[in-house]
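Okay, structure first, notes after.
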Amino acid sequence: MGKSRTKRFKRPQFSPTGDCQAEAAAAANGTEREEDDGPAAELLEKLQHPSAEVRECACAGLARLVQQRPVLPALARRDAVRRLGPLLLDPSLAVRETAAGALRNLSACGGFEVCDDMVTKDIMTPLVALLKECSAGLDSNEMSPQEKKEQNRNSIENIANEAVNVLWNICECSSRAVSIFNKEGCLEIVLKYLSRFSTNVDLAISVAYCLQTVTEDNAELLKSFCAPALHMLESAMLSPVSSMEYILLKTLIAGTIWNLKDIIPSKSQAEVINAILKILSDILEMDAGETVIRMKEAETQRLKTAAETEDALQSANGDDLIEDEEMEEIPRRRKVRRKTFTSDLLPPTNKELREAIALLTAQQTALEIIVNMCCSEDPTDDEWEELSSSDESDAFMEGSFSECGGQLLSPLCLSHEVHTALTNHLLPKKIFEKTAFPNSIAVDMCSRNPTWKPLIRKMNTVQCRALVCLQSLVSLLDVDHLGGPAALQTLAQHLSQLLFSQPDFAKHVDFLEAISSALRALLQTMASKNISQCMTPDQLMTLCKAGIHSSNVGVRVNVVSILGITGSVLAKEDGTLETLKTIGCFLLEVATKDPSLVVAGEALDALFDVFADGKEAERASIQIKLLSALKEFQPVFKMKIRKEGRAKYSPDQLCVLDNVKMNLRRFVAYQETVEKRLTT
């Protein structure tokens, strides 16, 4: 199996055009199913209203409406994107902000097809124009008096924040949007926004998310990064501010700088690697569970104090309120609505909750960056120059970006320098700690508060990312870098305890996939180094019997592989006949009955490994009639590959399956010699 990058968790997709046949029938009958469009039609009509206040309300309504999946086809039918697009340049700043918020929610909730449709409907033209106007507005010094100037500047930054989020969502889903980003010079614009990180961290975080997306595998954009741009990233990443939101910002910038590794001068690469990993290490060292508890307690105390203060003020002002009622009524001002209608998807305004979410998101992102660093292609020996180790992370890149035209290394991969930096910053140990279940007190506190309850899922996600990260480290680092054989045995015991402490582990698919991947990598490493394994046969079969019924192909592949690894070790030991028979029967059943050829191929590979050698394995193969079963299945397997291959599987998967087919033929021939020898 090859190495892979961090899995993207795609947003739910839907068809932006809805039921095409039903629409065609409606059109033929002269109807457009307007009655089904409900509030969408009314809100879209109000977008053209002469009153800015009405337009703003309509945009705010759409921002909430698009979060309801069933209304999305109706919005597509009524061309919502083309109606909202011009409002990005509306004369009213409030309308611009709420229109951008509606498009932000639409792009976030609609998924890949909707984002691609937005590009098709030319949303990038008004969006880029808005980004440029906001950039120019931030530079303008014409506004006065000062109070009005600051108010408008804040509005412009809020609009820019919404617009950058739309840009990020669309670029994440559409390569055409990324191409437009490159051609329209959007990099310079968003970097200008990033330069305000010391005064507007929310805007900076949005930019950092966008940059991490657009810099991934984008060679064309890398050419646009000059020394000042790199220095800007350096300044943001090394910001001394230690709030949770700035920690998230620095994490995202670290991920962006890793994406830019190909353009960093060779003499600076060691310092850059070390600086990135130091930041990630510091983030992972923080106890997220304790932070959640502390933040929740701080919120409780703040709300209690505010309530007590309000009660005291009401009590003290009781008489004054009675007198006020007797006074002549003063004409009321026009009611001012909350400006930020923009999105129910925005981070919560609760300061403590924002801080807790920022830390959990930063830790999740840090783990994903480490996996990406581990999953880079291995370099050839002649691609490397001697890199000097350095622990002076805070001084990284000093004077280095002035040499952007200097000699660069070929694509930077998991080098000796990364190995060293990983171990210097104790990252294996810190990642190991993150694989534990979330703090039970924090989970209990969050479960009792609706606004904090989503943090439980975030804490579980951090655990799963840590398990995936652990898999990468175990696969790529030397045993010594992981702490030696004893540390691997401790790790195996830890993973077993995690797994079997949850009676219903099979129901948690993300967790099961992550932990089975980590176990697979760990057991493979231990087997290759002849380190004794800690899972009992009963535990092994419990895991496999539960995992093989998972709907997730990755889980099924992992448990079959684990069985093959363990079985191949047992095959060389005495007294393992019955266990090998159990393993062989299980793998045979999977190979012949699993609906996925990928899983079936993995099961056959596992059979080849288990029964390739050893006296106990030979005896077991005879007793379970392995040869006759494989002979019977061989033509079926070939037929399935021929019939289903091109339609269901990728070229890489087909290549692997062809190898399995060839190995099956060889293994059958080998088993014939074994059976002949043992039965004569």
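Under a 3.5 Å cut-off, the side chain of Ser174 and the backbone N or O of Cys171 do not form any donor-acceptor pair. No donor-acceptor pair closer than 3.5 Å links the side chain of Tyr246 to the backbone N or O of Met237. Put simply, the side chain of Asp116 never gets that close to the backbone of Phe112: no donor and acceptor are under 3.5 Å apart. In this structure, the side chain of Glu355 does not engage the main chain of Met295 through any donor-acceptor pair within 3.5 Å. Distance alone, capped at 3.5 Å, is enough to place a donor-acceptor pair between the Ser528 side chain and the Thr525 backbone. In this structure a side-chain-to-backbone donor-acceptor pair under 3.5 Å is missing from Asp478 to Asp480. Under a 3.5 Å cut-off, the side chain of Glu602 and the backbone N or O of Val557 do not form any donor-acceptor pair. When atom types are taken as modelled, the side chain of Ser135 and the backbone of Leu131 share no donor-acceptor pair closer than 3.5 angstrom.
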**Request:** Determine, stepwise, if the pair Glu271 / Asn274 fulfils side chain to side chain contact (heavy atoms under 4.5 Å, CB included).
**Result:** CA-CA 5 Å; Glu271 290 87 350; Asn274 201 51; 5.7 Å; no
**Request:** Determine, step by step, whether Asn259 and Glu216 satisfy the side-chain hydrogen bond (donor to acceptor under 3.5 Å, both in side chains) criterion, reporting the C-alpha distance in whole Å, the side-chain angles of both residues, the deciding distance to 0.1 Å, and the verdict.
**Result:** CA-CA 6 Å; Asn259 290 342; Glu216 187 174 8; 5.4 Å; no
**Request:** Please step through side chain to side chain contact (heavy atoms under 4.5 Å, CB included) for the pair Val479 and Met526, ending with a clear verdict.
**Result:** CA-CA 9 Å; Val479 172; Met526 294 174 73; over 6 Å; no
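The shortest heavy-atom contact between Val468 and Ala514 is CG2-CB, 4.1 Å. Counting all heavy atoms, side chain and backbone alike, Met118 lies closest to Leu103 at CE-CD2, 3.8 Å. Between Cys134 and Ile159, the shortest heavy-atom distance links the atoms SG-CG2, 3.7 Å. Closest approach of Ser235 to Phe197, counting heavy atoms only: O-CZ, 3.8 Å. Scanning all heavy atoms of the two residues, the minimum distance from Thr291 to Asp287 falls at OG1-O, 2.9 Å.
In this structure, Phe511 and Leu467 have side chains that are in contact, with non-hydrogen atoms separated by less than 4.5 Å.
Residue Leu252 is tested with Thr256, Leu248, Leu249 for a side chain to side chain contact (heavy atoms under 4.5 Å, CB included); the sole match is Leu248.
The closest side-chain donor-acceptor pair between Gln497 and Gln493, if any, does not fall under 3.5 angstrom. For the residue pair Lys430 / Ser281, a side-chain donor-acceptor distance below 3.5 Å is found, with atom types taken as modelled. Looking only at atom types and distance, the side chain of Thr365 has no donor-acceptor partner in the side chain of Arg465 under 3.5 Å away. Inspection of the Asn169 and Ser107 side chains reveals an N or O donor paired with an N or O acceptor under 3.5 Å. Remark: the Ser532 side chain and the Gln489 side chain contain an N/O donor-acceptor pair separated by less than 3.5 Å.
Every residue was checked against the salt bridge (Lys or Arg N to Asp or Glu O under 4.0 Å) condition with Lys529, not counting sequence neighbours, and none meets it. Checked against salt bridge (Lys or Arg N to Asp or Glu O under 4.0 Å), Glu184 has the following partners two or more places apart in sequence or in another chain: Lys132.
One finds the CD1 atom of Ile263 at 10.0 Å from the CD1 atom of Ile257 (value rounded to the nearest 0.5 Å).
Ion pairing between a basic and an acidic side chain is recognised when a charged N comes within 4.0 Å of a carboxylate O; Lys278 and Glu285 show no such pairing. Using a 4.0 Å cut-off between charged side-chain N and carboxylate O, Asp202 and Arg354 make a salt bridge.
More than 12 heavy atoms of other residues, nucleotides or ligands lie within 6.0 Å of CD in Glu433, so this atom counts as buried by the packing criterion.
Using bins of under 30°, 30° to 60° and over 60° for the plane-to-plane angle, the ring pair Trp168/Tyr209 lands in the parallel bin.
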